[in-house]
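Each chain gets a letter, A, B and so on, in the order its sequence line appears, and its residues count up from 1.
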Protein chains: 2
Amino acid sequence: MSSIDKALDALFLLSERGQALRLGEVAHGLGMPRSSAHRILAPLVKRGLAEQDADGRYRAGFALMALGLNAASREPLAAAARPVLEAAADELGETFFLVVARAGRLVVLEKAEGNGFLRAAPRLGAGVPVHATAAGKLYLAHAPEQVTVDEFTRYTPATPRSRRALDLEVERARSQGYATNLEEWQPGLAVAAAPVLAGGRLYGVVALATVSARFSALGLTTITRRVIHAAEGIALRIEGRTP
Amino acid sequence: MSSIDKALDALFLLSERGQALRLGEVAHGLGMPRSSAHRILAPLVKRGLAEQDADGRYRAGFALMALGLNAASREPLAAAARPVLEAAADELGETFFLVVARAGRLVVLEKAEGNGFLRAAPRLGAGVPVHATAAGKLYLAHAPEQVTVDEFTRYTPATPRSRRALDLEVERARSQGYATNLEEWQPGLAVAAAPVLAGGRLYGVVALATVSARFSALGLTTITRRVIHAAEGIALRIEGRTP
DNA sequence: CATGGTTGTTCCGTTATTCGGAACATATAT
DNA sequence: ATATATGTTCCGAATAACGGAACAACCATG
């Protein structure tokens, strides 16, 4: 394991914990002595990726934010999707978000939250499983080379058990033009998603997430129509035809 | 120079260039042979901090965005400032932003852009010099221990030449309760700023930036009143009294 | 005030890792 | 077919990482 790996471990550790950590806590979290942790952290602090408060505690640094915002601003897809997602979220009062494949994994690129007290609130940049989500089914249907199904963790009783069971869902998603996920990932969570197809390529997936009860109340046709409409709206903006 | 340093150099290089870079370009940018650059990049790619496109080119990775957004969400000051800055920007049609000190340097934490065709558009997370900005003067006046004046680069003819000249400006900023920067950093750019003081501590600086011509047209009293009002508004929110 | 425990930091001989030229595999252009 | 470019792998020499121990500063408690 290279020292770069260890430094990145430290970086992610600080980012995940969120709060300021003692040197000993970092060392314990990385499984190394304090002196080693100190040496690892020094370059991170020098670049502003980690910071030390007045008590010497370490926390995620500010330069991290600059790097991240820089990366985000260079994602034209997120910019194209934002107004469409917000319009859809305002209209239905439910959470809409955009999922894309990056390095074989599915991540949340942009979102617009609904206004319910109980609402889906995905974290930007967070990963979602392929085999237990509507977005995963659509990616397997339209661009299987962009994602990898490495595991079949059973999150709930409704989670697809095997590749064969999943493929049935994938085939249905392809023919229908949308996919659903009824508590296959998280209990109580229902999702409908539609592909953002432009120029024959899959750019991402628009998803609506809500509580199962409200999903049934709204009705499948209402939901799918709105999700497909949003996905097509984003596809139009990608192609430059922004009416 | 540690290998961690080199990896971070590579990370910043990819972030700054913005576009996908060939391995040779990265190697040249870091001043090392291609094989070394390749080895340095491997752990970054593994963690998603760097990515490779279909042609093998390297660019800033998606995980960077997740880390940055995570760090940003943990900045309560930015959350407190956003609505205040947006209200001010809407009212005057000029760009308002919040500058804070992090690790001895001044950085832009949050912003709300004006609506002019020619308008100030600072990059989030970007650094600004201490000796040639209104924000720098206010930090030197209220919390000199949080910033370091390491250089006196002469950006324009109006840039303060020496520590003595700067101290005069700092003293004026302290007594007036606000600071100005009339083309001391960038030609044509005029800024007025006010301190966000809460509980006797300086949390940051609110600044209004615009073209010099509009600065004069609006008038100093109008501008300072609005900037001070915004800074006080943020201070109130920090102290928990959010009316 | 002394003391025991904690903190972050520095030191240094041993050891494991990084280094980079060269060779390789692949793709595109001449 | 040849030439030049790419990203990747290999391996002995050179170097930087390792971590226990010692240090300095702090804060409780006796």
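- When the P atom of D:dC26 is taken as reference, atom CZ of A:R22 falls 14 Å away, rounded to whole Å.
- A:Q146 has its side chain within reach of A:R201: a pair of non-hydrogen atoms, C-beta onward, lies under 4.5 Å apart.
- Of the residues in residues 30-49 of chain B, those placing a heavy atom less than 4.0 Å from an atom of DNA chain C are B:P33, B:S35, B:S36, B:R39, B:I40, in numerical order.
- Regarding A:D55, its CG atom lies at a distance of 12 Å from the P atom of C:dT7, rounded to whole Å.
- Closest non-hydrogen pair, B:F62 versus A:E75, comes out as CD1-OE2, 4.2 Å.
- Across the protein-nucleic acid pair, B:L23 atom CG and C:dT26 atom P stand 18 Å apart, rounded to whole Å.
- Here D:dT8 is the nucleotide among D:dT8, D:dT6, C:dG8 with the atom lying nearest to any side-chain atom of B:Q52.
- Toward the 5′ end of DNA chain C lies the nearest nucleotide of A:G56, the other residue of the pair A:G56 and A:M1 mapping further downstream.
- Nearest-nucleotide assignment on DNA chain C puts the 5′-proximal partner with A:R57, out of A:K6 and A:R57.
- Whole-Å rounding puts the A:I4 CD1 to D:dA16 P distance at 14 Å.
- Side chain of A:D55 to backbone of A:R57: no donor-acceptor contact under 3.5 angstrom is found.
- Remark: aromatic rings of A:H142 and A:Y203 are distant, center separation not under 6.0 Å.
- A 4.5 Å side-chain heavy-atom check between B:V108 and B:R123 finds every atom pair outside the cut-off.
- The existence of a salt bridge linking B:D5 and A:R47 is confirmed by a sub-4.0 Å separation between a basic side-chain nitrogen and an acidic carboxylate oxygen.
- No donor-acceptor pair under 3.5 Å is formed between the side chain of B:N70 and the backbone N or O of A:E16.
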Dot-bracket for DNA chain D, please. Rules: Watson-Crick or G-U, both distances under 3.5 Å, ( ) within the strand, [ ] when a pair crosses earlier ones, | for another strand, . otherwise. ..|||.|||||||||||||||||.|||.||

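- Between A:Y58 and C:dT9, a side-chain N or O to OP1/OP2 separation shorter than 4.0 Å is present.
- Note: B:Y58 and B:H38 fail the aromatic proximity criterion, with ring centroids not under 6.0 Å apart.
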